[in-house]
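The structure under discussion appears below in the form of structure tokens.
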Amino acid sequence: MKKKEENAVMESILSLAKRRGFIFQGSEIYGGLAGTWDYGPHGVALKNNIKNIWWKRFVLSRDDMYGMDAAILMNQNAWVASGHVGGFSDPLVECDKCKRRFRADHLEDKAKCPECGGKLGAERQFNMMFKTYVGAMEDDSSVSYLRPETAQGMFVNFKNILDTFHPKLPFGMAQIGKAFRNEISPRDFIFRTREFEQMEIEYFVDPKEWEGTFDHFVSQIHAFTDDIGLPKESVHEHEIAPGDLAHYSKRTIDFEFDYPMGRKELYGLAYRTDFDLKAHTRVSGVDLSYFDEEAKVRFVPHVIEPSFGVDRTVLAVLSSAYREDELGGEKRVYLALSPSVAPVKVAVFPLLKNKEALTSKARELYKVLRQEFGSVEYDEAGSIGKRYRRQDEIGTPFCVTVDFETIEKDGNPVTVRDRDTGAQEKIELKDLTSYLSQKLGR
Ligand code: ATP
């Protein structure tokens, strides 16, 4: 895609996200706060669906995974051990003229300011952790950081899981939660933000078995992107060349996605060896080894880490579902969301607002469907066409209309309309739940 088209697609998604209550600019009435976004009702529903599908696949449906929800603030020594205090930085350059700051590795010309053409200064390292103080004293001993990743909250609880659940290797810990990075230049909507959410797994293995586990998670990551309806052809594996690997990693694959602004990292999968557990043992003085009862040997397990960004997933889902077409001679915008992630599964309308017989029947049906499908909307405002368009824009797979036939005819047929094709079908009321269940893939 050309730059102009890319921007136009992104603009359309941003404007739809705002118009339909998915995502708003953070602190908007105060002029915003760069790198922050607020999720509205449909956005939080979409995000929760994604997180629940992830939790179901990686935690609930497995016997070898332990869920966690660790604190965001951690003892500063945890970040010394992890290497974040010493090395979690990006290269920063500042323009001598306009004083704007840029991430040097994102610039094509490292000498010239991309905004004003001024001269860029020397590159220096900028630590991306948000620093804060815990308690009333503001001194070195009270320093803490908003976590830049959820991973460390799991490593520091490794021994707690061993001592309380006595798991045998291989096993994993999984967590969903907020992470914070003071990105030099947040950009591309919710792709690169300063506050975001991650879904991470630390999977502990005998070092002899790391390769099989790594392959297993490659296929699990693809299975998850299928679960949430991302097109297979838009998800790519990018093997990081040995020379470019982080110092703790022996193998990393970046899973990239074809976003409107180009192919960019969606998820990461890394073989982190025993780097983390050894580092925490060294700094905390607490032994984080594992005793293999069968082989009677003690060793430090190795780690495979699949790391998923929630917000990058939301952007991938929204941008791959965004469609503009023509239906019944009118232009329309819709989201071809998989029913698994759609914020609203079914909408119920009475044909007319001012006919009590229709509205009461529709409300009754709405209550029944809400019990069955959870997220169902009732709408009686405006013409039927307008109501369809509203649901199309939030990606509701099916709309059900109660009309005069529903209250007068045998079998009480309702009209079910398909979002993608606009096709309408008459379904008898007694068959409606099973019809929708089947269509929604439940
Ligand atoms: P990038 O190179 O794009 O900065 P990264 O390699 O630093 O990303 P990781 O440290 O591997 O990212 O973080 C794991 C995942 O967390 C990423 O794959 C991404 O989905 C998500 N993530 C990281 N940084 C951000 C951010 N600033 N905004 C939104 N999501 C992020």
Side-chain angles (χ1 to χ4, degrees), residues 23 26 33-39 43 47 50-51 54 58 72 79 82-84 87-92 102-107 125-130 145-155 174-203 217-218 221 224-225 228 230 234-241 244-249 251-259 261-272 275-276 303-319:
I23 301 166
L33 177 67
T36 66
W37 297 90
D38 296 342
Y39 284 77
K47 192 153 84 141
I50 290 169
K51 292 195 280 187
W54 188 90
F58 290 107
I72 287 175
W79 301 111
S82 68
H84 285 80
F88 189 60
S89 49
D90 275 339
L92 175 118
F102 305 93
R103 215 174 116 171
D105 58 336
H106 283 172
L107 294 177
Q125 289 301 314
F126 173 77
N127 193 300
M128 293 202 292
M129 283 199 294
F130 284 100
Y145 304 91
L146 299 185
R147 67 180 178 205
E149 59 177 31
T150 63
Q152 303 305 324
M154 292 184 272
F155 293 127
Q175 160 158 255
I176 300 179
K178 289 266 183 169
F180 304 82
R181 296 183 187 180
N182 199 1
E183 295 277 355
I184 294 168
S185 37
R187 61 168 81 172
D188 298 322
F189 191 22
I190 51 172
F191 179 82
R192 186 175 301 286
T193 57
R194 291 187 168 130
E195 174 174 344
F196 55 98
E197 239 176 325
Q198 291 183 316
M199 309 183 280
E200 292 195 299
I201 293 169
E202 306 306 327
Y203 199 82
F217 280 110
V218 169
I221 290 173
F224 172 69
T225 58
I228 56 173
L230 293 184
S234 304
V235 180
H236 309 275
E237 290 176 25
H238 172 64
E239 180 89 38
I240 304 298
D244 295 334
L245 287 170
H247 60 284
Y248 51 74
S249 175
R251 186 177 178 199
T252 296
I253 292 181
D254 281 352
F255 287 77
E256 298 182 331
F257 186 78
D258 294 321
Y259 287 102
M261 68 283 184
R263 190 173 291 184
K264 303 256 176 191
E265 177 177 331
L266 172 64
Y267 307 138
L269 173 65
Y271 170 36
R272 300 179 63 102
F275 173 82
D276 307 275
V303 167
I304 308 288
E305 181 193 71
S307 179
F308 303 69
V310 178
D311 312 79
R312 287 190 188 180
T313 309
V314 171
L315 185 59
V317 164
L318 285 178
S319 55

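Counting starts at 1 for both ligands and their atoms, in listed order.
Residue contacts with ligand 1, taken as heavy atom pairs separated by less than 4.0 Å, do not involve Asp254 at all. By the criterion of a heavy-atom distance under 4.0 Å, the side chain of Gln198, and not its backbone, is placed next to ligand 1. Of all the heavy atoms of Asp311, none lies under 4.0 Å from any atom of ligand 1, so neither backbone nor side chain is involved.
Look at Phe191 and you'll find a heavy atom under 4.0 Å from some atom of ligand 1.
Put simply, the side chain of Asn127 gets close to the backbone of Met129: a donor and an acceptor are under 3.5 Å apart. At distances below 3.5 Å, not a single donor-acceptor pair connects side-chain atoms of Tyr248 with backbone N or O atoms of Ser82. Judged by distance alone, the side chain of Glu197 and the main-chain N or O of Val310 form no donor-acceptor pair under 3.5 Å. Not a single donor-acceptor pair under 3.5 Å links the side chain of Glu202 to the backbone N or O of Met154.
Against a heavy-atom cut-off of under 4.0 Å, Leu266 is close to the following atoms of ligand 1: 18 (O), 19 (C), 20 (O). Residue contact check: Gly309 has heavy atoms under 4.0 Å from atoms 20 (O), 21 (C) of ligand 1. The contact set between ligand 1 and Ser307, taken as ligand atoms under 4.0 Å from a residue heavy atom, comprises 14 (C), 15 (C). Taking every heavy atom of Tyr267 and a limit of under 4.0 angstrom, the matching atoms of ligand 1 come to 18 (O).
At the shortest separation from atom 22 (N) of ligand 1 among protein heavy atoms lies Phe196 CE1, 3.5 Å. Considering only non-hydrogen protein atoms, atom 28 (N) of ligand 1 sits nearest to Thr193 N, 3.0 Å.
Contact check for His236 versus Asp258: side-chain heavy atoms found under the 4.5 Å cut-off.
Comparing Glu265, Arg103, Glu183, Glu305 by heavy-atom distance to atom 17 (C) of ligand 1, the nearest is Glu265. Across Arg181, Glu256, Glu200, heavy-atom proximity to atom 13 (O) of ligand 1 is greatest for Arg181. Within the set Glu195, Lys264, Arg192, Glu197, the minimum heavy-atom distance to atom 3 (O) of ligand 1 is found for Arg192.
With sequence neighbours excluded, the residues satisfying salt bridge (Lys or Arg N to Asp or Glu O under 4.0 Å) with Arg272 are Asp276, Glu305.
One finds the CZ atom of Arg181 at 9.5 Å from the OG1 atom of Thr193 (value rounded to the nearest 0.5 Å).
Checked against the 6.0 Å centroid criterion, the rings of Tyr145 and Phe88 do not qualify as a close aromatic pair. Aromatic pair Phe257/Tyr259: ring centres closer than 6.0 Å.
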